[in-house]
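All remarks here apply to the structure that follows.
In this text the structure is predicted, and so the values were computed from the model without any measurement.
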Amino acid sequence: MDSQPVSPVATDSIFDVVLTAYRQTLNNAEMTAEDDLFEFGGDSVMVMKATELIQEMTGVEVGLGLFFTYPTAAELATAILASGTD
């Protein structure tokens with residue numbers, strides 16, 4: 001995999017982390033924070049990959065169900081911040 005190890009991030013950059021995970025998982029640098037993961041071809045396997053990337057970059061475990069409830073990077077990052085996990 002081409003991903004480089006990234007040190008833990010502050011909560012204010014969780015938006016960038018989630019968007020980066022979406023872009024890497026879908027191999028689509030054009031995605032924005034408002035794009036729906038599933039409308040860009042995401043599926044449950046890609047959700048698991050994105051979960052792993054987010055955990056690698058932040059140390060935060062994200063429940064798989066959150067991706068289905070909050071399918072955009074902006075929504076998911078907001079939900080992660082709201083959970084109080086940092």
Can you tell me how far the CE atom of Met31 sits from the CZ atom of Arg23, to the nearest 0.5 Å?
8.5 Å

Side chain to side chain contact (heavy atoms under 4.5 Å, CB included) with Glu30: which residues, sequence neighbours excluded?
Asn28

Kindly write out the residues that satisfy side-chain hydrogen bond (donor to acceptor under 3.5 Å, both in side chains) with Thr32, not counting sequence neighbours, or none if the list is empty.
Asp35

List the steps and the verdict of side chain to side chain contact (heavy atoms under 4.5 Å, CB included) for Leu26 and Leu37.
CA-CA 8 Å; Leu26 294 171; Leu37 176 72; 3.5 Å; yes

To the nearest 0.5 Å, atom CD1 of Ile80 lies from atom CG of Leu66 at 7.0 Å

Rounded at 0.5 Å granularity, tell me how far OG1 in Thr58 sits from CD1 in Ile14.
5.0 Å

Looking only at atom types and distance, does a side-chain atom of Tyr22 sit under 3.5 Å from a main-chain N or O of Asn27, one as donor and one as acceptor?
no

Validation row: Gln55, Val60 side chains within 4.5 angstrom (heavy atoms):
no

Which residues pass the side chain to side chain contact (heavy atoms under 4.5 Å, CB included) test with Asp43, not counting sequence neighbours?
Val45, Met46

Distance from Leu19 atom CG to Gln24 atom CD, nearest 0.5 Å?
10.0 Å

How many angstroms lie between atom CD of Glu61 and atom OG1 of Thr51, to the nearest 0.5 angstrom?
10.0 Å

side-chain hydrogen bond (donor to acceptor under 3.5 Å, both in side chains) contacts touching residues 64-79 (sequence neighbours left out):
Thr72-Glu75

Is any side-chain heavy atom of Phe68 closer than 4.5 Å to a side-chain heavy atom of Val47?
yes

Val18 and Phe67: CA distance, side-chain angles, deciding distance, side chain to side chain contact (heavy atoms under 4.5 Å, CB included) verdict:
CA-CA 11 Å; Val18 175; Phe67 286 86; 5.7 Å; no

Over all atoms of both residues, closest heavy-atom pair of Ala74 and Phe15:
O-CE2, 3.6 Å

Between Ala50 and Ala21, what is the shortest heavy-atom contact and its length?
O-CB, 4.0 Å

Counterpart residues, ring pair (Phe, Tyr, Trp, His ring centres under 6.0 Å), relative to Phe40 (two or more places apart)
none

